[in-house]
Amino acid sequence: MSVSHDDDHFDFNKLERELKAAVTADEKYTRENDAKIRAVHQKVASYDEFREIVMASHLKPLEKGDKIEGKFVQPWNMHADKKKHPQHSKDSETKEGPTKVPQNSQEFVREWRRLALDKKYHFLTEIGPEKLENIFKPEISFGLLGDFLVVLLEGSQEELHIVLNILEAFSRTNRFSLSFQFMSSREKEACEKLFQKLEGLNECSDRITSLRSVYGLKK
């Protein structure tokens, strides 16, 4: 009888780590997706309220027997509280640029958050529209679409063809309409200005007009 020696070379610890990471990512996606649906059904009054509901989806309510001792200084929502701690954001943006092209949305977000604003544009264009579409095919992580549009607006005039391709790639991702619907007024204004900038591509006027409709913008 032949004997398999696969166990001698198989890294079960690595497999376990990858499995745990996959389970964690799936739980995060499900949790935030449920929060988005709840927020839509609740008809929240503003984008900020919608954002806080989703970003706080990881928090659990206190049980009856739970006690808080001493002075409570932890913010209720660390993600939403970043605006109150600009020094933290500044420190995180001074780190070096990405070391590799992300393979999924979790890796992308991790790199994106550590980049300075002036490096984010190059990060997007270097990854390119095809890979960006593959990364965000399930959906663009909450709040990122608006960030992308603001960053692309500040980009080079000479790379408008790449910007147009990236915008088309984003429009083909799942739940794109929902992501756009809950952008802030500032982000939607950046989107309009970005399309005005793209008008310089006369040879792509039909594509731009079609894409304007997808992004819910009037000519």
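Computed from a predicted model, the values in this text were never measured in an experiment.
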Checking Glu199 against Arg212 for the salt bridge (charged side-chain N to carboxylate O under 4.0 Å, His left out) test, could you report, in this order, the C-alpha distance in whole Å, the side-chain angles of both residues, the deciding distance, and whether it holds? CA-CA 11 Å; Glu199 296 296 339; Arg212 265 185 169 275; 3.5 Å; yes
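- Shown here are the side-chain contact (heavy atoms from CB on, under 4.5 Å) partners of Ser156, two or more places apart in sequence or in another chain: Tyr121, Glu158, Glu159.
- In this structure, the side chains of Lys120 and Glu111 stay at 4.5 Å or more apart for every pair of heavy atoms.
- Partners of Glu154 by side-chain contact (heavy atoms from CB on, under 4.5 Å), not counting sequence neighbours: none found.
- Expressed to the nearest 0.5 Å, how far CG of Leu167 lies from CG of Leu132 amounts to 10.5 Å.
- When side chains are defined from C-beta on, Leu145 counts as touching Met183, because their heavy atoms get closer than 4.5 Å.
- Of the possible polar contacts, one joining the Asn174 side chain to the Lys137 backbone as a donor-acceptor pair under 3.5 Å is found.
- Under the rule for a salt bridge (charged side-chain N to carboxylate O under 4.0 Å, His left out), Glu130 has no partner lying at least two apart in sequence or in another chain.
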Run the numbers on Glu189 and Lys193 for salt bridge (charged side-chain N to carboxylate O under 4.0 Å, His left out), then give the verdict. CA-CA 6 Å; Glu189 182 180 351; Lys193 290 181 178 179; 3.4 Å; yes
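- Considering Leu152, Leu153, Leu124 as possible partners of Val163, the one that fulfils the side chain to side chain contact (heavy atoms under 4.5 Å, CB included) test is Leu152.
- In this structure, Arg186 has no salt bridge (charged side-chain N to carboxylate O under 4.0 Å, His left out) partners at least two apart in sequence or on a different chain.
- Looking at Ser210, its side chain never comes within 3.5 Å of a backbone N or O of Asp206 through a donor-acceptor pair.
- A distance-only check finds no donor-acceptor pair linking the side chain of Thr173 to the backbone of Ala169 [under 3.5 Å].
- Listed by chain and residue number, nothing satisfies the side-chain hydrogen bond (donor to acceptor under 3.5 Å, both in side chains) test with Gln103 (two or more places apart in sequence, or in another chain).
- A heavy-atom distance below 4.5 Å is not found between the side chains of Asp147 and Val150.
- In this structure, the side-chain contact (heavy atoms from CB on, under 4.5 Å) partners of Leu160, at least two apart in sequence or on a different chain, are Gln157, Lys197, Leu198, Leu201.
- The side-chain hydrogen bond (donor to acceptor under 3.5 Å, both in side chains) search around His122 returns none, not counting sequence neighbours.
- Taking the ring-ring contact (aromatic ring centres under 6.0 Å, His included) definition, one finds that Phe148 meets it with Phe108, Trp112, Phe136, Phe170, sequence neighbours left out.
- Under the rule for a salt bridge (charged side-chain N to carboxylate O under 4.0 Å, His left out), the partners of Arg172 that lie at least two apart in sequence or sit in another chain are Glu133.
- Glu107 is linked by a salt bridge (charged side-chain N to carboxylate O under 4.0 Å, His left out) to nothing, counting only residues two or more places apart in sequence or in another chain.
- Between Pro102 and Ile135, the shortest heavy-atom distance links the atoms O-CD1, 3.5 Å.
- Rounding to the nearest 0.5 Å gives a distance of 12.0 Å between OG of Ser171 and CD1 of Ile166.
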